[in-house]
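Below: the structure, in structure tokens.
Reminder, nothing fancy here: chain letters follow the sequence lines and each chain counts from 1.
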Amino acid sequence: MIYNVSIGGRHLRIALDRNGEIWKGDLDGVQFQLDARPIGPGVISLILEGAAYEVKRDQLGNQTRLWINNIPFIAEVTDPRSLSARTRSAATSATAKLLASMPGKVLRVMVSAMDQVEAGQALLVIEAMKMQNEIKSPNKGIVKQLIKEGTFVNAGDVLAIVE
Amino acid sequence: MFNKILIANRGEIAVRIVRACREMGIISVAVYSDADRAALHVRIADEAYYIGPSSAPESYLNIDRILTVAKRCGAEALHPGYGFLSENSEFAEACGISEIKFIGPSSASMALMGSKTKARQQMEKSGVPCVPGNSQALQSPEQAKKIADHIGYPVMLKAAAGGGGKGMRLVTGPRQIQTALEAAQSEALRAFGNSDVYLEKAILNPRHIEIQILADEHGNTIHLGERECSIQRRHQKVLEESPSSLIDADLRQRMGEAAVRVATAANYANAGTVEFLVDNAKNFYFLEMNTRLQVEHPVTELVTGLDLVRLQIKIAANEKLTIQQEEVQFRGHAIECRIYAEDPDNQYFPSPGKIMLLAEPSGPGIRLDTGVYEGWTVPNDYDPLLAKLIGYGENREHAISRLLRALGETFVGGIHTNLSLFRRVLNEPAFRAGKIDTGYLDRLPTAGMSGENHKHEQVAAIAAALFQVLDPTIKEGNKKKSPVGVLDSHWKRAARIEPDSSS
């Protein structure tokens, strides 16, 4: 089985061949052998050429994190057999979308739609866990879209669009 | 001794108090809000009663509801923990009226010390050194400007009823004062139900060092040495230790005596903490007295061998202190890491959510005071403190190495935590040399990629492929119905859904 893996944005190609608990593999042309045991949901004990690792996986927002010795790596896997796997869209818009990084409540909005704002200017205040956090504009531009005061937001929700 | 104690708190401190009760053969009573029905403190207590909606003013800050429960269940005493109602003198008074012993000082001592402004006035009278500032609540931005102009910028705005860094703002010039004052007042109102804010000269990058005191109700007061609490973000402590690398035996004695003088002036009983700012020249200034158990009490427990919660309960039961000042012995070194649900790489932004995976450390010299468990959803309604990891060793270096070892065993998945921050701090040369002050964390460079990370990158890639095979993924479209705890699906979605949606 062949996998295209992206770790923190770096692409690697891995071939895995399973024989019971023992796996043979190839990572970008380098051969390896390993023993892998699932320990529980999201945890694998891995012995790779004698070195022991406890590998954990969790998900935060829409990111999957892999933890090797408690150091996190952002991981993505594509199965190359999937027909459209290679046609990842790179269409990033020219507008700056300000997304909520955590859930919370929009306490105050300091600007209005269609206002001209500077990069770094405070746009709104979000309260989460009793702490108030100022959200600043990532760039200079016009506020095209703006969330309303009092709204409860989740991670990934659009707070504002500055064009 | 009491037969039953109600714990008017939640999280790790409620768990800590349940443990002390159990060791003393006392029945423990937990209270909970909507958000906390399945919280750890409810699970481990002997009894548990609902007190209201998730919002703190309707539950953990609701005096009537808590006292109604206390009377109904027959609790003889009440432990307030820290935060919430712990420094509310009206609450202590209301407990007295309901004939429930408040485990803490008298409401009169609390009222004096609880008002940072009145406390300053009293300390000035008792000859304890204070930071220059005003000792009255500010009435207007204009008045604040006038005082600030007089004592000179930068100044610090502080909630009169405050603590825990809430309602505090640093002001570097007159133009910020109005916004800062309004923000501090609104935060103070919500956190403490009192919007009074006063102003002090800001001592930049001081060390924050506090003295633990213990007083019985028979006039005996002792101190248990210092805690260094200079590692802070947003004026909230993140890492504390005892002893402080700055304090020698002579300074410890002088600060300890000043702290005892503060407590005596307030006619104080039970456990309390006198906070000082210490400047480069080792001058110390009274900052405030916290009339409750501190979050960081475990470091003092480890170096003195005393159980502060147990002693609090004994003092409240009118027992005399059985230990004299000369008998207090300090042994070894203890460091506490406050594990918060927040992202240290994104301005410490809070990160509530479900703990998908949890690994807890153990072994020699390690203590974990926790309020969470795997599968628990950290609510958005309260403070982001999850647990406290405390390392103890024969000296500072030993404590640091044990903590680093334990941090390697600790894992919290599904939310952001500040665990990575502790690994960086504990390995950082200035910290290891004891060169710390309250500006330390702001100066700490952000995390970079280390050589070790590159080595692990390949392991991560192999593991990513292995998970794909070993940990079955859930099918697309089944996402909402999927059993909780199944982490996967993102990779398959990434591979199958995204390209489709872009076509």
Side-chain angles (χ1 to χ4, degrees), chain A residues 1 3 5 7-8 10 12 14 16 18 23 25 27 32 34 36 38 40-44 46 48 51 53 55-60 62-73 75-79 82-89 91 101-105 128-133 155, chain B residues 56 166 183 187 190-191 234 341-343 346-353 356-357 359 380-384 407-408 410-411 413-416 419-420 423 452-453 456-471 485-488 490-492 494-496 498-500 502-503:
Chain A
M1 195 85 114
Y3 299 92
V5 180
I7 299 292
R10 201 176 144 221
L12 299 135
I14 293 169
L16 280 180
R18 183 179 191 170
W23 304 65
L27 174 65
F32 60 85
L34 61 86
V43 186
I44 293 175
L46 184 63
L48 177 65
Y53 301 93
V55 184
K56 302 188 187 76
R57 181 188 56 180
D58 77 337
Q59 198 152 9
L60 214 168
N62 52 9
Q63 277 183 339
T64 297
R65 299 185 297 185
L66 276 184
W67 300 76
I68 313 297
N69 292 2
N70 283 358
I71 298 164
F73 296 87
E76 261 188 85
V77 178
T78 52
D79 179 346
S82 166
L83 282 174
S84 46
R86 280 160 281 115
T87 61
R88 179 138 324 196
S89 164
S101 59
M102 298 294 155
K105 188 184 166 192
M129 298 176 119
K130 305 291 131 194
M131 294 303 294
Q132 297 180 13
N133 301 278
Chain B
K166 294 194 175 113
E187 205 169 291
R190 252 165 324 136
R234 290 180 172 148
E342 66 184 20
D343 185 357
N346 181 19
Q347 298 163 50
Y348 304 105
F349 206 92
S351 175
M356 304 302 269
L357 195 56
N380 185 43
D381 309 88
Y382 314 109
D383 192 85
L407 284 165
T410 310
F411 182 80
I415 56 175
H416 283 291
L419 281 167
S420 62
R423 275 179 219 119
E452 197 184 17
N453 288 17
H456 292 324
E457 198 175 75
Q458 301 190 333
V459 184
I462 293 167
L466 278 171
F467 268 116
Q468 190 85 340
V469 184
L470 291 176
D471 210 339
V486 177
L487 293 173
D488 201 51
H490 175 63
W491 295 332
K492 279 237 161 110
R496 303 250 154 81
E498 281 184 28
D500 289 350
S502 70
S503 62

- Ranking A:Leu12, A:Val5, A:Ile44, A:Ile14 by heavy-atom pairs under 4.5 Å to chain B gives rank one to A:Ile44
- Item | Closest non-hydrogen atom pair, B:Leu357 against A:Gly42 | CD2-O, 3.7 Å
- Message: Tell me the closest heavy-atom pair linking B:Ala464 and A:Ile7, and the distance in Å.
- Response: CB-CD1, 4.5 Å
- Message: When you compare the side chain of A:Leu66 with that of B:His456, does any pair of heavy atoms fall below 4.5 Å?
- Response: no
- By salt bridge (charged side-chain N to carboxylate O under 4.0 Å, His left out), A:Arg65 pairs with (sequence neighbours left out) A:Asp58
- Item | Pick from B:Pro350, B:Gly413, B:Ala56 with the largest number of heavy-atom pairs that fall under 4.5 Å of chain A | B:Pro350
- Item | Spacing of B:Gln458 atom CD and A:Arg10 atom CZ [to the nearest 0.5 Å] | 6.5 Å
- Note on the structure: When every non-hydrogen atom of B:Ala461 is compared with those of A:Leu27, the smallest separation belongs to CB-CD1, 4.4 Å
- Item | Over all atoms of both residues, closest heavy-atom pair of A:Leu16 and B:Ala465 | CD1-CB, 3.7 Å
- Item | Contact summary for B:Gln468 and A:Tyr3, nearest pair of heavy atoms | CG-CE2, 3.5 Å
- Item | Distance, nearest 0.5 Å, that separates CG of A:Asn70 from CG of B:Leu407 | 9.0 Å
- Message: Please identify, among B:Ile415, B:Thr410, B:Leu419, B:Asp381, the residue contributing the most non-hydrogen atom pairs under 4.5 Å to chain A.
- Response: B:Ile415
- Query: What residue, out of B:Pro352, B:Gly408, B:Ser351, has the most heavy-atom pairs lying under 4.5 Å from chain A?
  - Reply: B:Pro352
- Message: Does any part of the side chain of A:Leu34, heavy atoms only, come nearer than 4.5 Å to the side chain of B:Leu466, both counted from C-beta?
- Response: yes
- Please tell me if the side chains of B:Phe467 and A:Val55 come closer than 4.5 Å, counting only heavy atoms from C-beta onward. yes
- Item | Any side-chain heavy-atom pair of B:Val469 and A:Trp23 under 4.5 Å | yes
- With a 4.5 angstrom heavy-atom cut-off, which part of A:Leu48 approaches chain B: side chain, backbone, both or neither? side chain
- Task: Please report the shortest heavy-atom distance between B:Asn380 and A:Gly104, naming the atom on each side.
- Result: ND2-CA, 4.2 Å
